[in-house]
Amino acid sequence: MKQMTAMKMMTAMAFTMSLLASGISAAAAPELHVKKTVTIAAPADKVWEASKNFNGLNTWHPALASDELQSGTNNTVGAIRLLTLKGGGTIKEKLLQFDETGHRYRYAIIESVLPVSHYAATFVVTSLGADKTLVTWSAKFKRKNLSDTPPDNENDKTATDTIEGVFKAGLDNLKKIVEAK
């Protein structure tokens, strides 16, 4: 009887420890969010035309050397693009949603040199009037290093700052390009 009680207690302790361990890991890598916007002095259709192509991010994002489709068809759900960064490194992304009339698309990172994981983003172009457009780029993700105590260059702040920088550089350049035309 004592042996049975001891076994039950050990099993309960092991179960409790595994729950605690999984809870700590989940807490160590929270879902992070970044949302950046820019207002562009141009009609929404013009802004959408300049930014909509899944295989054309390099035409307006200054950090990219190239953007090529690896599989699928441009602006068709399931398409996979490979982004090559000017400074070296690549990012592979999959198109999850494309809405031509709603001026929006959603995509996810499959492989990346960026310090993020579980990344999904949405890009939306919204008319604010005849010659005024709001562009919103938002993402949810986790840091790539999911350990309980990542180094400073792999923590939540680094992941968030990186995505904020990517979005800001892209949106600022998109505004510059569209307003110059």
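Values in this document were obtained by computation on a predicted structure and should not be read as measured data. Just so you know, these numbers use all the heavy atoms, side chains as well, and skip hydrogens, waters and symmetry mates.
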* Asked: Do W48 and F98 have ring centres separated by under 6.0 Å?
  -> yes

* Asked: Got a second to check how far L32's CG is from E164's CD, nearest 0.5 Å?
  -> 10.0 Å

* Asked: Near N153 CG, under 6.0 Å, is it more than 12 heavy atoms from other residues, nucleotides or ligands?
  -> yes

* Are H118 and K140 side-chain neighbours, meaning at least one heavy-atom pair lies under 4.5 Å? -> no

* **Considering all heavy atoms, the nearest P150-R143 contact** => CG-NE, 3.4 Å

* Could you check if a side-chain atom of E68 sits within less than 4.5 angstrom of a side-chain atom of N55, using non-hydrogen atoms only? => no

* Shortest non-hydrogen contact from L146 to K142? -> CD2-CB, 4.1 Å

* Okay, side chain of D156, backbone of P30: is any donor-acceptor separation there less than 3.5 Å? -> no

* Asked: Would the number of heavy atoms belonging to other residues, nucleotides or ligands and lying under 6.0 Å from NZ of K94 be above 12?
  -> no

* Check whether any side-chain heavy atom of L171 lies under 4.5 Å from a side-chain heavy atom of T37, and answer yes or no. => no

* Set of salt bridge (charged side-chain N to carboxylate O under 4.0 Å, His left out) partners for D45, sequence neighbours left out -> none

* To do: To the nearest 0.5 Å, tell me how far T162 OG1 sits from F141 CZ.
  => 8.5 Å

* Structure fact -> d(I80 CD1, I110 CD1) to nearest 0.5 Å is 4.0 Å

* **Test: D99 and R104 ion pair at under 4.0 Å** => no

* More than 12 foreign heavy atoms under 6.0 Å from NZ of K132: is that the case here? -> no

* **Single-linkage hydrophobic cluster, 4.5 Å side-chain cutoff, W137 and V124 together** => no

* If we ignore angles and hydrogens, is there a donor and acceptor under 3.5 Å between the side chains of D161 and T158? -> no

* Side-chain donor or acceptor of N155 paired with backbone N/O of K157 under 3.5 Å -> yes

* Do R81's NZ or CZ and the ring of Y107 fall within the cation-pi criteria of under 6.0 Å and 45°? -> yes

* To do: Measure from the side-chain N and O atoms of H61 to the backbone N and O of V166, and report whether any donor-acceptor pair falls under 3.5 Å.
  => yes

* Mark yes or no for whether S127, through its side chain, and T133, through its backbone, hold a donor-acceptor pair below 3.5 Å. => no

* Asked: In terms of heavy-atom contacts, does NZ of K86 have more than 12 from other residues, nucleotides or ligands at under 6.0 Å?
  -> yes

* Check: L85 and V113 side chains under 4.5 Å, non-hydrogen atoms -> yes

* D67 side chain to L57 backbone, donor-acceptor under 3.5 Å -> yes

* **Distance-minimising heavy-atom pair for P115 and A159** => O-CB, 3.5 Å

* Is L64 linked to V178 within one hydrophobic cluster, defined over Ile, Leu, Val, Met, Phe, Trp and Tyr using a side-chain heavy-atom separation of less than 4.5 Å? -> yes

* Gap between atom CD1 of I177 and atom OG1 of T59 - 0.5 Å precision -> 6.5 Å

* Mind checking the CD1-CG spacing from I40 to D172? Nearest 0.5 Å is all I need. => 9.5 Å

* Answer whether the closest heavy-atom distance between the side chains of T122 and Y105 falls below 4.5 Å. => no

* State, yes or no, whether a side-chain contact exists between T76 and F54 at a heavy-atom distance under 4.5 Å. => no

* Any idea how F167 and Y119 line up, ring-wise: parallel (<30°), tilted (30 to 60°), or perpendicular (>60°)? -> perpendicular

* Pairwise distance CG(L82) to CD(E111) - rounded to 0.5 angstrom -> 8.5 Å

* **Atom of E179, atom of A41 and distance for their closest heavy-atom approach** => OE2-N, 2.7 Å

* **K144 (side chain) donor-acceptor with E154 (main chain) under 3.5 angstrom** => no

* Asked: Which heavy-atom pair separates V125 from S51 by the least distance, and what is that distance?
  -> CG2-OG, 4.0 Å

* I91 versus S112, closest heavy-atom pair with distance -> CG1-OG, 3.8 Å

* To do: List in chain and number order the residues that pass salt bridge (charged side-chain N to carboxylate O under 4.0 Å, His left out) with E49, two or more places apart in sequence or in another chain; answer none if no residue qualifies.
  => K52

* Is L83 reachable from L69 through a run of I, L, V, M, F, W or Y residues, each pair having side-chain heavy atoms under 4.5 Å apart? -> yes

* To do: Examine distances only and state if a side-chain atom of S138 and a backbone atom of K35 form a donor-acceptor pair shorter than 3.5 Å.
  => no

* Would L96 end up clustered with V34 when hydrophobic side chains under 4.5 Å apart are linked, directly or stepwise? -> no

